[in-house]
Amino acid sequence: MKSLFEASTLQEIESRINKLSAESNPVWGKMDVAQMFNHCQFPLKIALKKDHPKLKPSLLAKLFFKKAMYNDKPWKKNLPTHSKLKVVAPKEFENEKGKLLELVTEFSNQGDKKKWDPHPMFGKFTSEQWGKMQYKHLDHHLQQFNA
């Protein structure tokens, strides 16, 4: 699994984000591209301890879904999304794209960080797991838009 802490992976993700336009249509799902950009900011904000929806710890998530967050197995299309992470309100494409690119870069620059705060739902992750998890989430949604 690639990690967002790798320079080549950061460049790949930035390139894929930049290939999308406001007219890009999803292959699956209900979000438009600007909503997807907004949604993809949430996990990065959680990791960076920025303003994000408050999530409760979940034993179920820790036991059954935690490893799926960073392992090599792709996520299925149309997976359910936590209600606090759903984006249904209209969003502005350029604004959301810019915010996402900033957060991706800021997160990627944390690659040397040794101690991370626990994820509010899943608990502790290593630096390696954080990097893989962020890549996997972005990759999943960029595939959603054929990028």
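Quick caveat, the model's predicted, so the values are computed rather than measured. For reference, positions follow the sequence shown, starting with 1.
Within the cation-pi definition used here (under 6.0 Å to the ring centroid, within 45° of the axis), Lys86 does not qualify as a partner of Phe42.
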Query - Intermediate values then yes/no, side-chain contact (heavy atoms from CB on, under 4.5 Å), Arg16 and Asp139 - result: CA-CA 9 Å; Arg16 291 168 66 188; Asp139 178 61; 2.8 Å; yes
Requested in this report: Go through the steps for Glu106 and Asn109 under the test side-chain contact (heavy atoms from CB on, under 4.5 Å), then give the verdict.
Outcome: CA-CA 5 Å; Glu106 185 177 349; Asn109 288 336; 5.6 Å; no
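To the nearest 0.5 angstrom, Met121 atom CE is 8.5 Å from Ile46 atom CD1. Here NZ of Lys45 is found 6.0 Å from NZ of Lys99. Values are rounded to the nearest 0.5 Å. Considering CD of Glu14 and CG of Leu100, their distance stands at 10.0 Å, rounded to 0.5 Å. Going from atom CD of Glu6 over to atom CD1 of Ile13 covers 11.0 Å, rounded to the nearest 0.5 Å.
Using a 4.5 Å heavy-atom threshold, the side chains of Met36 and Leu20 count as touching. At least one side-chain heavy atom of Gln110 sits less than 4.5 Å from a side-chain heavy atom of Phe5. Counting only heavy atoms from C-beta outward, the side chains of Lys136 and Met1 approach each other to under 4.5 Å. In this structure the side chain of Leu142 never reaches within 4.5 angstrom of the side chain of Lys19, judged on heavy atoms. In this structure, Met69 and Trp75 have side chains that are in contact, with non-hydrogen atoms separated by less than 4.5 Å. No side-chain heavy atom of Glu96 sits less than 4.5 Å from a side-chain heavy atom of Glu92. Proximity of Leu44 to Lys50: side-chain heavy atoms (C-beta onward) are nowhere separated by under 4.5 Å.
Both Met133 and Leu79 sit in one connected hydrophobic cluster of ILVMFWY residues. Membership requires side-chain heavy atoms under 4.5 Å apart, directly or through other members. Hydrophobic clustering, with ILVMFWY side chains joined whenever heavy atoms are under 4.5 angstrom apart, groups Phe65 together with Leu138.
Applying the side chain to side chain contact (heavy atoms under 4.5 Å, CB included) criterion to Pro26, with sequence neighbours excluded, gives Gln144, Phe145. Evaluation of the side chain to side chain contact (heavy atoms under 4.5 Å, CB included) rule for Lys97 yields Ile17, Asn18, Phe37, Phe93, Glu94, Leu101 as partners, not counting sequence neighbours.
In summary, the side chains of Ser108 and Gln134 do not present any donor paired with an acceptor at a separation below 3.5 Å, with no hydrogens or angles considered. There is no side-chain donor-acceptor pair under 3.5 Å between Glu128 and Tyr70.
Of all the heavy atoms in Leu85 and His39, the pair that sits closest is O-ND1, 2.8 Å. Of all non-hydrogen atoms in Tyr135 and Leu4, the two that sit nearest each other are CB-N, 4.0 Å. For the pair Lys113 and Ser127, the tightest heavy-atom approach, listed with the atom from each and the gap, is O-OG, 3.4 Å. Here the closest heavy-atom approach between residue Val33 and residue Ser21 is recorded as CG1-O, 3.3 Å.
Classification of the His141-His137 ring pair by plane angle, with boundaries at 30° and 60°, yields perpendicular.
Other residues, nucleotides and ligands contribute only 12 or fewer heavy atoms inside 6.0 Å of the NZ atom of Lys30. Shown here is Asp112, whose CG atom has no more than 12 heavy atoms of other residues, nucleotides or ligands within 6.0 Å.
A donor-acceptor pair under 3.5 Å links the side-chain atoms of Lys84 to the main chain of Lys54, judged by distance alone. Counting only distance, with no hydrogens or angles, the side chain of Lys66 and the backbone of Lys124 share a donor-acceptor pair below 3.5 Å.
The aromatic ring centroids of Phe107 and Trp116 lie less than 6.0 Å from each other.
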